[in-house]
Amino acid sequence: MSSQENIILSIDDACISYGGKLAVRNVSLPIYEKKITAIIGPSGCGKSTLLRSLNRMNDFIHGCEQSGRISFRGEDLYDPGTDPVEVRLRIGMVFQRPNPFPKSIYRNVAWGPGINGLDGDLDDRVEKALRQAALWDEVKDRLQDSALTLSGGQQQRLCIARTLAMEPEIILMDEPCSALDPVSTARIEDLLFELKENYTIVIVTHNMQQAARVSQHTAFLENGVLVEYGDTDEVFTNPSNKRTEEYVTGRFG
Amino acid sequence: MIAQSNLAWRHKKAMFFRCFCIGVTAFAVFILGLLIYQVSVLGLPWLDAQFLSSFPSRFPEKAGIKSALLGTLWLVSMTAAIAIPVGVLASVYLEEYARPTRLTEFININIANLAGVPSIVYGMLGLAIFVRFFQLERSLLSGALTMSLLILPVIIIAAKEAIRAVPGSLRQAAFAVGATRWQVIRAHVLPSALPGILTGVILAISRAIGETAPLIMIGALTYVAFVPEGPMDEFTALPIQIFNWTSRPQEEFHELASAGIVVLLLVLLMMNALAVYIRYRGTRAK
């Protein structure tokens, strides 16, 4: 491990169930600040569920229950005194399918900072976010066009810009490239490398090469159980668990 | 190559179904056209400024529709002002806030049932509650409240459907940038659902314009020689005036009724056009 690593988010013994059916079982996992942590595993293993629990997006799913402790900078995310809106302000999320608002490109990025009354000039904030998301050059002349006129890959980068405009401390990404073509995927991976300097990223991915390329830490989940967690190099080249080895070498999943 | 005869048969079936659909549509349009034609032939000669600006009279050539037309405009505006906010907010609650419990389910089923209750029953309810219990008398307000009850289920059901059709991914995206539920509803759910909600509102208001039975029940007058000036005034409405004219023996009054129907249809058409315009502006603003 590299030097000085701070744990920003700590998952302790988390169990998540939908209507009594356990989807995540007793998972404990640290998330390190300004690093990329990848969560991999076969479909239905609970990785998206786990990710969504990190900014309380599971609150909207009826019948979803959670136990264990998830602490963000030492504060319990599920404490009754914690405001879920504030949690989502500080921990942003990019979804599996691009889901821009059916509004202008500018409004997509500006809406979050606008409703939350973030400081500074809104135009500057929008430009900065779009530049960070490597979308500025493509859209600077048509900021007032509908976001729905963009291609799929551009829409996903717009969604990333929308999240970046909030300057969150952590960005959660739920298979952000699964609906994109290889060129768009490569662009977003490049983007991840740059964002790592300033942001903590947790990314769920189906794509093993992607996990190996972009992340520093990797967690492997199967049937809701954390099978293995460690440095990405370690997990991919010298896994300690047999199932992990079979999965990362593509023998199943 | 293998099943060409079969393919030909399938094409035939497809063609048959298409023709069937065209036939059914043509039938509906034909009936509507016939109605409009007949009403226009009888009514148009009577439709002039004098007809629009006169009160009812026992002499057909002096009779007009002023009080009924203004009564309907009052009634519909008041009904819309009551039923649209209540209906839309109720559907927002049921779709966005209420947890899916048995009680919510029960409420939803009953709203659907209420949409099918005969209008005369609402008239009796309005008579008992608004006219008698709240002592609102045979006023416009009584009529508007009764009409609101009548069209609320229609508005709620349509608005619920429209809100449910807003993709969950849109709500999630808004929540993920730190929006409160109200902000999500206000900025994303309602604008996306607006066209559907407006369609429901048009249908509901159109129904209110045409309803007669509940108004007769709560005692709207059939002969009114004045214009309502406030919500507590007595009133009449277009369908009541039309009904009144058709029940007279003289042929001239039947023609007056046709002219009244033309006016009713025109009012309906203008209101629909207004809603279409609002909807168009709403979708373009995105």
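When reading the values below, keep in mind they use all heavy atoms of this one structure, side chains included, and skip hydrogens, waters and symmetry mates. Numbers restart at 1 for each chain; the letters A, B, ... are given by sequence-line order, proteins then strands.
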Peer 1: So which part of Met93(A) gets closer than 4.5 Å to some heavy atom of chain B, the side chain, the backbone, both or neither?
Peer 2: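 Interface part for Met93(A): both.
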Peer 1: So which part of Pro84(A) gets closer than 4.5 Å to some heavy atom of chain B, the side chain, the backbone, both or neither?
Peer 2: neither
Peer 1: Output the distance between atom CD (Gln172(B)) and atom CZ (Arg88(A)), rounded to the nearest 0.5 Å.
Peer 2: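 Output value for this atom pair is 10.0 Å.
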Peer 1: Applying side-chain contact (heavy atoms from CB on, under 4.5 Å) to His188(B) and Lys103(A), what does each step give before you reach the verdict?
Peer 2: CA-CA 9 Å; His188(B) 300 290; Lys103(A) 299 181 189 299; 3.5 Å; yes
Peer 1: If you take all heavy atoms of Gly178(B) and Val85(A), which pair is closest and at what distance?
Peer 2: O-CG1, 3.4 Å
Peer 1: Taking all non-hydrogen atoms of both residues, which atom of Trp111(A) and which atom of Ala174(B) are closest, and how far apart?
Peer 2: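 Looks like CZ3-CB, 3.7 Å.
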Peer 1: Looking at Leu89(A), Val94(A), Ile115(A), which makes the most heavy-atom pairs under 4.5 Å with chain B?
Peer 2: Ile115(A)
Peer 1: CG/Asn55(A) to CZ/Phe175(B) distance, rounded to the nearest 0.5 angstrom?
Peer 2: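 If I round to the nearest 0.5 Å, the distance is 12.0 Å.
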Peer 1: So, for Asn99(A) and Ala173(B), which heavy atoms are closest and what is the spacing to 0.1 Å?
Peer 2: ND2-CB, 3.4 Å
Peer 1: Counting only heavy atoms not in Arg90(A) (residues, nucleotides, ligands), do more than 12 fall under 6.0 Å from its CZ?
Peer 2: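 Yes, CZ of Arg90(A) has more than 12 neighbouring heavy atoms, counting only those of other groups under 6.0 Å.
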Peer 1: Sort Arg171(B) into side chain, backbone, both or neither according to what part of it lies under 4.5 angstrom from a heavy atom of chain A.
Peer 2: neither
Peer 1: Considering residues, nucleotides and ligands other than Arg186(B), do more than 12 of their heavy atoms fall under 6.0 Å from its CZ?
Peer 2: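 Atom CZ in Arg186(B) is not packed in, count stays at 12 or less.
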Peer 1: Counting only heavy atoms not in Tyr18(A), do more than 12 fall under 6.0 Å of its OH?
Peer 2: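 Atom OH in Tyr18(A) is crowded, with more than 12 foreign heavy atoms closer than 6.0 Å.
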Peer 1: Checking Phe60(A) against chain B: side chain, backbone, both or neither under 4.5 Å from a heavy atom?
Peer 2: side chain
Peer 1: Counting only heavy atoms not in Met124(B), do more than 12 sit closer than 6.0 Å to its CE atom?
Peer 2: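 12 or below, so no.
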Peer 1: Most heavy-atom pairs under 4.5 angstrom with chain B, which of Arg162(A), Met57(A), His62(A), Arg107(A)?
Peer 2: His62(A)
Peer 1: Would a distance-only check, ignoring hydrogens and angles, find a side-chain to backbone donor-acceptor pair under 3.5 Å from Asn116(A) to Val177(B)?
Peer 2: yes
